[in-house]
Every structure is written in C-alpha cells, then in structure tokens.
Amino acid sequence: MIDRARPFALLLARIAIGAIFLVHGYQKFADMGIAGTVKFFESAGIPLAGLAAPAVAVLEVVGGLALILGVALPIAGTLLALDMIGAMVFVHASNGFGAGEGGYEFVLALAAASLAVGFTGGGALSLDRVLNRSRDTATATA
C-alpha cells in the first residue's frame, strides 16, 4: 500500500514545493522588480546583490518549474536548497526559529523539502523518470 502511494505523495510534494519557489521567483520580477530585489539584497548584506538578485529570481522560477515537471531533480533540489541556506544566513537566522517572527523555520523546511524531492526520483509523472525509461529502453534494444 505504501509503495503504491509513494509516487503520488512525491508528485504532490514536487508540485507544492515547486509552486512555492515559482511564485517567490516570479514575485522578484513582478512585484518587487529586479531593481527592488537588488535593493533588498543590498540591505540584507548579500554580496554582489546586482548579480545575486536576478540569479536568485531566475533560479527560483526555473527551479520551481523543474520541480513541478520533475526534471533535473537532483540539480534543481540542490540549487534551491543552497538558495534557502543563503536566505537563512543573510535574512532569517538573526530573527530566530519561528517563521511568524521572520525566522528561518520556513526556509529550512523549503531547503529540506527541495533535497528530499530532488533525491527521491520525483514520483509519478516525473520527466526524469520518463526520460530514464526512454534511455533504459534504448539501451536494452541497442
């Protein structure tokens, strides 16, 4: 029973975590604008804010889409976890643990979830799984 439910649980986790990153990345473009994101990054003491802000925005949009689609999961999961570690260090750690106080609770959960989804195969309807099956079939018939 658990083995049959696991692929669908991973699918739901992939979509939920991916959607969170996609929206957060999109907000850096649409709501704050990259210029506003750069200003925020500068105020937080993030090095090379002019490069970091657009890089993080793109990472969160592309990484969120990768999680949703289930493609390049180990790479996307690792990069998104590193993104959240940066958010923890530069923005949230000084506020303590609780998310309600601006602490690192939420970004820690996102980092852990990104790694968990990234290294568990992605579950049902994962493009990584489909692509691996295609490669395995091509290798077996060659």
Write down the atom of [X], the atom of [Y], and the distance for their closest heavy-atom approach.
X     : Y      : result
Pro7  : Arg129 : CB-NH1, 4.3 Å
Ala66 : Ala76  : CB-CB, 3.8 Å
Pro47 : Phe90  : CD-CZ, 3.5 Å
Ala49 : Pro54  : O-CD, 4.2 Å

Under a 4.5 Å side-chain heavy-atom rule over Ile, Leu, Val, Met, Phe, Trp and Tyr, are [X] and [Y] clustered together?
X     : Y     : answer
Met32 : Val58 : no
Phe21 : Val62 : no
Phe29 : Ile68 : yes
Val38 : Val91 : no
Leu73 : Val61 : no

Decide yes or no for Arg14 and Ser126: does some side-chain heavy atom of the first lie under 4.5 Å from some side-chain heavy atom of the second?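 When only atoms from C-beta onward are counted, Ser126 and Arg14 do touch, with a gap below 4.5 Å.
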Non-hydrogen side-chain atoms of Tyr26 and Val23 separated by less than 4.5 Å: no
How long is the span from the [atom1] atom in [X] to the [atom2] atom in [Y], to the nearest 0.5 Å?
X     : Y     : atom1 : atom2 : result
Met84 : Leu79 : CE    : CG    : 11.5 Å
Thr37 : Ile34 : OG1   : CD1   : 5.0 Å
Ile46 : Phe40 : CD1   : CZ    : 6.5 Å
Leu10 : Ile15 : CG    : CD1   : 11.0 Å
Leu80 : Leu59 : CG    : CG    : 5.0 Å
Leu22 : Ile17 : CG    : CD1   : 13.0 Å

His24: which residues meet the side-chain contact (heavy atoms from CB on, under 4.5 Å) condition with it, sequence neighbours left out?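 His24 satisfies side-chain contact (heavy atoms from CB on, under 4.5 Å) with Ile20, Gln27, Lys28, Glu60, Phe106 once adjacent residues are dropped.
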For Phe41, all residues meeting ring pair (Phe, Tyr, Trp, His ring centres under 6.0 Å), sequence neighbours excluded: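 Per chain and number, Phe41 pairs via ring pair (Phe, Tyr, Trp, His ring centres under 6.0 Å) with no residue.
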Would you mind writing out the side-chain donor-acceptor pairs for residues 115-125 within the sub-3.5 Å range, not counting sequence neighbours?
{"unit_1": "Thr120", "atom_1": "OG1", "unit_2": "Ala116", "atom_2": "O", "d": "2.8"}
{"unit_1": "Thr120", "atom_1": "OG1", "unit_2": "Val117", "atom_2": "O", "d": "3.4"}

